[in-house]
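Let me begin by presenting the structure, written as structure tokens, before commenting on it.
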Amino acid sequence: MSHWTGDTQGGLYEEILERADDSDGRSPTLINPEKLKTVLLEMLEEAGVHLRLYTFSDDVILDGNQIRGVIGYSKAGLQGFTAKVVIDCTGDGDIAAKAGVPYVKGREDDGKMQPLTLMFKVAGVDTDRAVFPGSFEETFKVPKGDLQTLGREHLPYPAGHVLLYRSTLPGIVTCNMTNCIDVDGTNPDDLTRATIACRKQIEPIVEFLREYVPGFEHCYVISTASVIGVRETRHFQCMETLTAEDILSARVFDDWVVTKAHFNFDIHNLDGSGLDKEGVQKLFAQPKGYTIPYGCLVPVGCNGLLLAGRNISATHKANSSCRVMPICVNIGQAAGTAAAIAAKTTLIPTNWMFAIYSIHWSFKVLRFDAPFCRLNFKGGISQ
Ligand SMILES: Cc1cc2nc3c(=O)[nH]c(=O)nc-3n(C[C@H](O)[C@H](O)[C@H](O)COP(=O)(O)OP(=O)(O)OC[C@H]3O[C@@H](n4cnc5c(N)ncnc54)[C@H](O)[C@@H]3O)c2cc1C
């Protein structure tokens, strides 16, 4: 990704921004992915995390409705990893799905999910002359016409919008322009089809950039993402579900664990290119930021399991806002905190009401006195 989109406050996000900043004072939200990869590993090491890369969670270890761990699949074969609390941050909620947590996929009325994109970078851009449309609603007059109109006319359908982002490196621009619709990101055949379709779009997109976009006349591809980007899949049933109305009203939940979350409804067109009819970018008018409750992380029907990242409980529209990386980091901080509380006490994340209130109570204490787990819940309870 080119940049951290939206905003939030939680301490961990700010620490990552500060440590991974490579922008020479231009903007700490611009990402140098190679630097960020190293910083994140350093932070995990400092925190004493026992890290295991190259391992997929294949199944869950269940004891009735209590999760005891996961079965991982790697070069070493199948291995069990036990834990008092398991946090599912697989994006798609693979662990929660295996544990039998109820879910729906995509949009409530028809199950359609947001389009997929294979991100890529071009080099050789004259960034002094270049234009950078950063949203669907932003366009530029270029010598051959209106840039977004030209995109709809000349890019290979369902590609059709122009989204270009500066990087921290000279002459290098990140392109969020390939597009594949009608894909289920939990289906490997669909993922394969989408990857091939997006990859085939890259060459015509680069030809388009050279022909129509000032500054891109001599650009060339230098890298593509290692995996295709999936925006939306499963929405799980949890103790609470974040809705668009909660976001629009800047609702302050009693059990909030994420605060000052800012972002619009970034729904990419489910039937083509550009912004979906339900999406709101420039017209999004809610400057206060919103909160996310702990209940959105606690799935129904499986004790000891927490969700974090884009797979928390949210509606199709609410998910389009809380799926951005700053907010996902803050959700992860909340889930990690709850798991740490459970690990150090006799509590366990559960939908059993007494225990829920116990962890809720712990969060309220931690907000005001946070020596626990290097926590820093900035902002108190006012929003
Ligand atoms: C094309 C695209 C562009 C975007 N652009 C931006 C942007 O510019 N700025 C921004 O802030 N946000 C952007 N987003 C949104 C944001 O990147 C994601 O929504 C966010 O990263 C989700 O975070 P996550 O931790 O929930 O999931 P992910 O970041 O997807 O992390 C999930 C991790 O779990 C791993 N995993 C998956 N399944 C398993 C399994 N079964 N076992 C073990 N590991 C597993 C994956 O390999 C991955 O490392 C974009 C999204 C897409 C798709």
Side-chain angles (χ1 to χ4, degrees), residues 1 5-8 91-93 102-117 119 133-139 148-149 151-152 155 157-163 176-187 190 194 198 228-238 240-251 253 258 261-293 296 307 309-328 331:
M1 302 309 165
T5 316
D7 199 14
T8 184
D92 301 315
Y103 64 85
V104 293
K105 285 181 183 169
R107 193 159 61 182
E108 286 75 15
D109 51 353
D110 60 5
K112 272 194 159 197
M113 291 165 256
Q114 288 217 42
L116 278 69
T117 296
M119 301 287 285
S135 72
F136 300 120
E137 291 152 324
E138 188 177 16
T139 192
Q148 295 292 2
T149 310
R152 282 191 292 279
L155 289 168
Y157 179 86
H161 47 254
V162 187
L163 293 176
N176 187 340
M177 290 176 62
T178 67
N179 198 34
C180 194
I181 56 175
D182 295 322
V183 178
D184 178 347
T186 65
N187 178 328
D190 278 21
C198 286
I228 195 160
V230 178
R231 295 187 170 84
E232 178 188 22
T233 48
R234 302 183 180 104
H235 302 300
F236 289 93
Q237 191 181 338
C238 286
E240 287 164 284
T241 298
L242 188 72
T243 67
E245 291 68 37
D246 296 331
I247 291 174
L248 285 171
S249 63
R251 181 170 168 191
F253 289 90
V258 169
H262 291 268
F263 198 49
N264 53 44
F265 295 122
D266 188 19
I267 310 179
H268 292 224
N269 186 356
L270 274 66
D271 302 306
S273 64
L275 187 65
D276 193 76
K277 55 186 183 310
E278 290 294 315
V280 187
Q281 290 188 328
K282 271 196 179 153
L283 297 177
F284 185 82
Q286 198 279 82
K288 283 161 88 181
Y290 59 92
T291 69
I292 298 176
C296 288
L307 308 184
R310 76 168 165 85
N311 55 206
I312 63 160
S313 190
T315 61
H316 164 71
K317 192 164 181 174
N319 169 267
S320 77
S321 177
C322 69
R323 70 186 179 86
V324 287
M325 293 185 294
I327 301 176
C328 284
I331 300 169

I'd like to know if the side chain of His316 reaches the main chain of Gly106, judged simply by a donor and an acceptor atom lying under 3.5 Å from each other, with no hydrogens or angles considered. no

Would you mind reporting whether Cys322 and Ile312 have side-chain heavy atoms less than 4.5 Å apart? yes

For Thr178, is there any backbone N or O sitting under 3.5 Å from a side-chain donor or acceptor partner on Thr117? yes

Quick one: are Val230 and Arg310 in side-chain contact, heavy atoms under 4.5 Å? yes

Gln114 side chain to Ser320 backbone, donor-acceptor under 3.5 Å: no

Short side-chain to backbone donor-acceptor contact, Asp190 and Val183, under 3.5 Å: no

What are the two closest non-hydrogen atoms of Pro158 and Cys180, and how far apart are they? CG-CA, 4.3 Å

Please tell me if the side chains of Tyr103 and Asp92 come closer than 4.5 Å, counting only heavy atoms from C-beta onward. no

Smallest separation among heavy atoms of Ala244 and Ala318, with atom names: N-CB, 3.9 Å

Correct closest heavy-atom pair for Pro115 and Asn269 would be CG-O, 3.1 Å

Kindly compute the distance separating CD1 (Ile247) from CD1 (Ile292), expressed to the nearest 0.5 Å. 7.0 Å

Can you tell if the side chain of Ser321 reaches within under 4.5 Å of the side chain of Tyr290, non-hydrogen atoms only? yes

Given Thr315 and His235, is the side-chain contact (heavy atoms from CB on, under 4.5 Å) satisfied, shown in steps? CA-CA 7 Å; Thr315 61; His235 302 300; over 6 Å; no

Look only at the side chain of Asp276 and the backbone of Leu270, and say whether a donor-acceptor pair between them is shorter than 3.5 Å. yes

Nearest 0.5 Å, please: how far is CE in Met119 from CE in Met177? 11.0 Å

Minimum heavy-atom separation for Gly93 and Asn311, please, with both atom names. N-OD1, 3.1 Å

Ion pair Arg323/Glu232, N-O distance below 4.0 Å: no

Looking at Asp271 and Tyr157, what are the two nearest heavy atoms and their distance? O-OH, 3.0 Å

Check: Glu108 side chain, Gly111 main-chain N or O, donor-acceptor pair, under 3.5 Å: no

Ser135 to Gln148 - nearest heavy-atom pair and separation: O-NE2, 3.6 Å

Supply the atom-to-atom distance Asn319 CG to Thr243 OG1, rounded to the nearest 0.5 angstrom. 12.5 Å

Given 3.5 Å as the limit, does a donor-acceptor pair link the side chain of Thr8 with the main chain of Pro326, or not? no

Can Asp266 and Arg231 be counted as an ion pair, charged N to O under 4.0 angstrom? no

Could you check Lys112, Arg107, Lys317 and say which one makes a salt bridge (charged side-chain N to carboxylate O under 4.0 Å, His left out) with Glu278? Lys317

Okay, side chain of Thr5, backbone of Val324: is any donor-acceptor separation there less than 3.5 Å? no

Hey, could you give me the CG/OG1 distance between Asn187 and Thr233, rounded to the nearest 0.5 Å? 12.0 Å

Working to the nearest 0.5 Å, report the span between CD of Glu137 and CZ of Phe284. 12.5 Å

How long is the gap from SG on Cys238 to CG on Leu307, to the nearest 0.5 Å? 4.5 Å

Taking the side chain as every heavy atom from C-beta outward, state whether Phe136 and Leu163 have any atom pair closer than 4.5 Å. yes

Side-chain donor or acceptor of Glu240 paired with backbone N/O of Leu242 under 3.5 Å: no

